Amino acid sequence: EPASGASKPTPVDFLGYAAVRGVAFALGLLPLSCCARVGAALGRCFFALSASYRKLAARNLRIAFAREMDDRARRSLLWRHAARLGANLACSLRMPSLDRATLDARVEVVGREHLAQAAADGRGAVVIVAHLGPWELLAQTNAYLVRSRQSGVIYQNLSNPLLDAYTRRCRARVGRE
């Protein structure tokens, strides 16, 4: 169900939702490592076809690394970024279908003992992570880091209310609100 205040879905929202669900279904048939490779290839294709996004990313890299990198190095970084972005998106779509054992095998939590101690002491804890890597990974794993405590994530609602509701449902399956 869409978040309160969400706009009424448009035909474009329905098309976007159907496309994402179809891709997520197809990715769900693949092993996670293959999913990442497919996503990397799709990310490169997107960059090749999206001149405006490619120019924006190139401009940002030029601003950030004007002195540290020459044009060739920044161009190389741009295409690595495209591949990583695609892999992250593909893996994020695959995350909700992974079971806990698979997630446990892929995730190393450094400092879990601090969360457990805070819970044992009746205190809360704030976990801060960089917005890097598969975005849904923390949302899928955080719910069981400290099983005895309620937890949540802060995120910006998606502009497509159908995709936003889908994301919320996926997170709710693992106790995330």
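These figures come from a predicted structure and were not determined experimentally.
One hydrophobic cluster, built from ILVMFWY side chains closer than 4.5 Å, holds both L78 and F65. Under the 4.5 Å side-chain heavy-atom criterion for ILVMFWY residues, no single connected hydrophobic cluster contains both F25 and F14.
Taking CZ from R74 and NE2 from H81, the interatomic distance works out to 15.0 Å, rounded to the nearest 0.5 Å. Note that CG of D71 and CZ of R62 are 7.5 Å apart. Values are rounded to the nearest 0.5 Å. Note that CZ of R75 and CG of D70 are 8.5 Å apart. Values are rounded to the nearest 0.5 Å. Taking CZ from R94 and CG from L89, the interatomic distance works out to 14.5 Å, rounded to the nearest 0.5 Å.
Side-chain N or O atoms of D13 include none that pairs as donor or acceptor with a backbone N or O of N160 at under 3.5 Å. Panel note: side chain R54, backbone F47; a donor-acceptor pair is recorded below 3.5 Å.
Here the closest heavy-atom approach between residue S7 and residue S159 is recorded as OG-O, 4.5 Å. When all heavy atoms are compared, the tightest approach of G28 to S97 is CA-OG, 4.3 Å. Minimum heavy-atom separation, A118 to G124: CB-O, 4.0 Å.
Within the 4.5 Å cutoff, the side chain of L27 has heavy atoms near those of the L30 side chain. Proximity of R168 to L158: side-chain heavy atoms (C-beta onward) are nowhere separated by under 4.5 Å. Counting heavy atoms from C-beta outward, L85 and F46 have side chains that stay 4.5 Å or more apart.
A perpendicular orientation is assigned to the rings of Y166 and Y17, their planes being inclined by more than 60° (bins at 30° and 60°).
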Q: Mind running side chain to side chain donor-acceptor pair (under 3.5 Å) on S76 and R72 for me, showing each step along the way?
A: CA-CA 6 Å; S76 174; R72 184 176 183 194; over 6 Å; no
Q. For D99 and T102, what are the C-alpha separation, side-chain angles and deciding distance, and is it a side chain to side chain donor-acceptor pair (under 3.5 Å)?
A. CA-CA 5 Å; D99 61 32; T102 303; 2.7 Å; yes
